There are 2 protein chains.
Amino acid sequence: MNESINITAYSLLGLLAKRPWSTYELVAFMERSVLNYILPRTRSQLYNEPKKLARLGLAHARVAGAGRKRTVYSITPEGRAALKAWLAGPGGAQKMEYLSLLKLYLTDCRDTTAVGERLAGMRREVLDTAREALAQIERIENTGVALEDTAPMASLATRLAVHHSKAQLAWLDELESYLADPPSADAAADWAMGHYRHSARQLRALIKRHGDT
Amino acid sequence: MNESINITAYSLLGLLAKRPWSTYELVAFMERSVLNYILPRTRSQLYNEPKKLARLGLAHARVAGAGRKRTVYSITPEGRAALKAWLAGPGGAQKMEYLSLLKLYLTDCRDTTAVGERLAGMRREVLDTAREALAQIERIENTGVALEDTAPMASLATRLAVHHSKAQLAWLDELESYLADPPSADAAADWAMGHYRHSARQLRALIKRHGDT
DNA sequence: GAGGTTTGGTCTAATTTGGACTAAGTTAGT
DNA sequence: ACTAACTTAGTCCAAATTAGACCAAACCTC
């Protein structure tokens with residue numbers, strides 16, 4: 001019954017290390033800040049984890065309530081210690097799940113109509129993501145950073161989203177050329193091989209240039 | 001008790017549409033091909049889903065076994081219909097989870113040692129991912145595409161991984177400049193604002209250039 | 001013929017999600 | 001002053017998913 005503390009709980013603890021938050025604020029921040037990009041979590045979990053932190057003595061819960069219930073959490077010294085230990089530990093590569101790409105992968109590549117539609121849909125999705133990121137930034141610019149997101153780190157994390165959007169759009173542009181000139185049925189294997197060789201070359205160059213360890 | 005068919009099951013169905021596979025082959029492919037990048041799933045689920053497909057009549061299971069047990073699945077006409085309907089449906093933006101970045105986000109930005117170590121770790125992770133992708137490509141090049149991964153789509157999906165690695169490394173290079181010249185405590189807010197404005201400008205340009213719908 | 005590796009899986013607890021549900025305060029219109 | 005609609009601030013639970021330990025047969029090597 002030894003409750004263990006998971007990634008979600010640690011990240012909430014990380015926010016509590018900066019100041020006390022009500023659960024609602026924590027949830028709103030996790031959903032609306034760049035954290036939603038780095039660690040998307042459902043509401044129900046976000047509401048559960050602070051309770052666990054309190055049970056474990058890593059945070060202190062105080063029901064501050066004129067009228068409506070509203071629980072405010074603050075970090076304890078034990079919490080700070082646990083957070084510090086966790087932050088010192090190793091990270092982990094990013095994992096992604098990309099349903100549209102999966103569907104593209106599984107559609108018959110000779111069905112150029114379906115492929116074209118999927119590509120258009122993916123472009124829309126990427127642009128929507130970009131627009132959302134932009135809206136987030138504009139919210140921060142209008143209200144002043146300090147309001148929700150004081151750390152310089154947040155602005156750096158946001159830059160990753162920008163680089164990602166750019167990469168994604170560049171890739172989509174590349175794919176458009178597929179539609180413009182799809183390989184014939186018997187040349188498909190060679191065509192794919194050409195792309196693999198191109199990818200391999202680029203990867204080798206990247207590894208060489210950046211990995212002088 | 002109406003079993004529903006999930007994304008994992010659909011993607012396995014998509015593979016079965018190409019040819020019959022044994023469960024083991026399906027698992028190996030999901031783990032070692034670019035699908036592991038698009039839809040990472042655990043072994044236990046990958047072993048469970050084909051059974052469900054069989055129960056629902058979307059696939060047909062045949063125990064082909066000289067000696068050892070080995071179940072081979074093939075798609076049924078109902079399976080093909082279900083797959084087609086699913087593929088025609090909408091996709092979904094990519095979701096990611098990036099533990100290292102989360103930790104970077106939560107570390108105190110004035111602790112340049114910790115930040116530096118985290119950045120170095122992230123670079124290692126990205127390079128490892130790139131090396132793995134390269135190894136995958138080389139496996140395909142050596143054995144011939146046809147063996148496991150016949151679709152041209154696979155080579156295009158792989159290109160996304162390349163674009164992603166490139167973007168990630170460019171971002172890391174940008175972050176290095178943080179270490180070289182960290183903002184002073186009282187200039188931190190302005191410094192972050194500068195980055196936000198830069199991001200906003202780039203996002204607006206991207207949206208304008210690519211989103212002429 | 002002993003030991004290690006690969007093949008081909010099963011099983012379980014714990015985690016996580018998705019989504020329905022509540023209930024109180026707040027705002028806008030009549 | 002009354003009420004409808006919306007936002008805030010959550011709870012609850014079944015179902016999906018993961019992590020990872022476990023198992024056993026077949027193969028390879030010495």
Side-chain angles (χ1 to χ4, degrees), chain A residues 1-12 20-32 35-36 38-56 59 61-73 90 92-97 99 102 148, chain B residues 1-12 15 20-32 35-36 38-56 61-73 90 92-93 95-97 99 102 139 148:
Chain A
M1 196 50 69
N2 203 341
E3 269 183 317
S4 63
I5 174 164
N6 58 19
I7 300 175
T8 314
Y10 274 119
S11 70
L12 294 175
W21 302 63
S22 76
T23 326
Y24 190 79
E25 284 175 309
L26 285 173
V27 173
F29 189 78
M30 292 289 289
E31 281 178 350
R32 284 197 271 276
L35 280 175
N36 185 50
I38 301 172
L39 192 81
R41 285 298 183 260
T42 55
R43 223 165 262 196
S44 37
Q45 202 188 1
L46 294 175
Y47 271 107
N48 267 330
E49 296 307 322
K51 295 181 196 167
K52 198 192 287 176
L53 288 176
R55 275 199 301 276
L56 290 168
R62 188 175 75 254
V63 176
R68 197 187 316 176
K69 185 162 129 190
R70 171 178 257 259
T71 317
V72 176
Y73 291 87
Q94 71 270 56
K95 259 192 261 183
M96 76 158 194
E97 183 177 318
L99 191 49
L102 175 66
E148 347 189 275
Chain B
M1 197 51 67
N2 203 341
E3 269 184 318
S4 63
I5 173 165
N6 59 19
I7 300 174
T8 314
Y10 274 119
S11 70
L12 294 175
L15 294 179
W21 303 62
S22 76
T23 327
Y24 190 77
E25 285 175 308
L26 284 172
V27 173
F29 189 78
M30 292 290 288
E31 281 177 351
R32 284 197 271 275
L35 280 175
N36 185 49
I38 302 172
L39 192 81
R41 285 298 182 261
T42 55
R43 219 165 263 196
S44 36
Q45 202 189 359
L46 294 175
Y47 271 107
N48 267 331
E49 295 308 322
K51 294 180 196 167
K52 199 192 287 178
L53 288 175
R55 276 198 300 276
L56 290 167
R62 190 175 72 254
V63 177
R68 196 187 317 175
K69 186 163 129 189
R70 170 179 258 257
T71 317
V72 176
Y73 290 87
K95 258 192 260 184
M96 76 158 193
E97 185 177 318
L99 191 49
L102 175 66
R139 221 162 34 230
E148 349 189 273

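From a predicted model like this one, the values you see are computed outputs, not experimental measurements. Every chain is numbered from 1, with letters handed out A, B, ... down the list of sequences.
- Taking CG of Leu39(A) as the reference point, atom CD1 of Ile7(A) lies at 6.5 Å (rounded to 0.5 Å).
- Between the C1' atom of dA19(D) and the CG atom of Asn6(A) lies a distance of 13 Å, rounded to the nearest Å.
- Regarding Glu31(A), its CD atom lies at a distance of 13 Å from the P atom of dA9(D), rounded to whole Å.
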Write down the protein N/O and nucleotide N/O pairs, taken from nucleotides 20-22 of chain D, whose separation is under 3.5 Å; answer none if there are no such pairs.
| residue | atom | partner | partner atom | Å |
| --- | --- | --- | --- | --- |
| dG20(D) | O6 | Ser44(B) | OG | 3.3 |

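- One finds no side-chain N or O of Tyr24(A) lying less than 4.0 angstrom from the OP1 or OP2 phosphate oxygen of dG10(D).
- Between Lys95(B) and Ser22(B), the residue whose closest nucleotide on DNA chain C is further toward the 5' end is Ser22(B).
- Rounded to whole Å, the distance from CD on Glu97(A) to C1' on dT18(D) is 13 Å.
- When heavy atoms are screened at a 4.0 angstrom cut-off, Asn48(A) is found touching no nucleic acid atom at all.
- Phosphate contact (OP1/OP2 of dT18(D), side-chain N/O of Arg41(B), threshold under 4.0 Å): present.
- Note: CG (Leu46(A)) to C1' (dT8(D)) measures 16 Å, nearest angstrom.
- Per the geometry, CD belonging to Gln45(B) stands 16 Å off P belonging to dA15(D), to the nearest Å.
- For the pair Thr71(A) and dG10(D), the criterion of a side-chain N or O lying under 4.0 Å from OP1 or OP2 is met.
- Interatomic distance, CZ of Phe29(A) versus CG of Leu12(A), reported as 11.0 Å (0.5 Å rounding).
- Nearest to the side-chain atoms of Thr42(B) among the listed nucleotides dG10(D), dG18(C), dT18(D) stands dT18(D).
- Taken to the nearest 0.5 Å, the CG atom of Leu46(A) stands 10.5 Å off from the OG1 atom of Thr23(A).
- Computed from coordinates, the Arg70(B) CZ to dT7(C) P distance equals 10 Å when rounded to whole Å.
- Residue Tyr47(A) has no polar side-chain atom (N or O) positioned under 4.0 Å from OP1 or OP2 of dT11(D).
- Atom CD1 in Ile7(B) sits about 14 Å away from atom C1' in dA15(D), given to the nearest Å.
- A straight line from CG of Leu26(A) to C1' of dA9(D) spans 13 Å, rounded to a whole angstrom.
- Although no hydrogens or angles enter the test, the distance criterion places no donor-acceptor pair under 3.5 Å between the side chain of Gln45(A) and the main chain of Thr42(A).
- Around atom CZ of Arg55(B), more than 12 heavy atoms belonging to other residues, nucleotides or ligands sit under 6.0 Å away.
- At least one side-chain nitrogen or oxygen of Lys51(B) sits closer than 4.0 Å to the OP1 or OP2 atom of dT10(C).
- Note that CE of Met30(A) and CZ of Arg43(A) are 13.0 Å apart. Values are rounded to the nearest 0.5 Å.
- Met96(B) and Pro40(A) make their closest contact through O-CD, 3.0 Å (heavy atoms, listed as atom of the first residue, atom of the second, distance).
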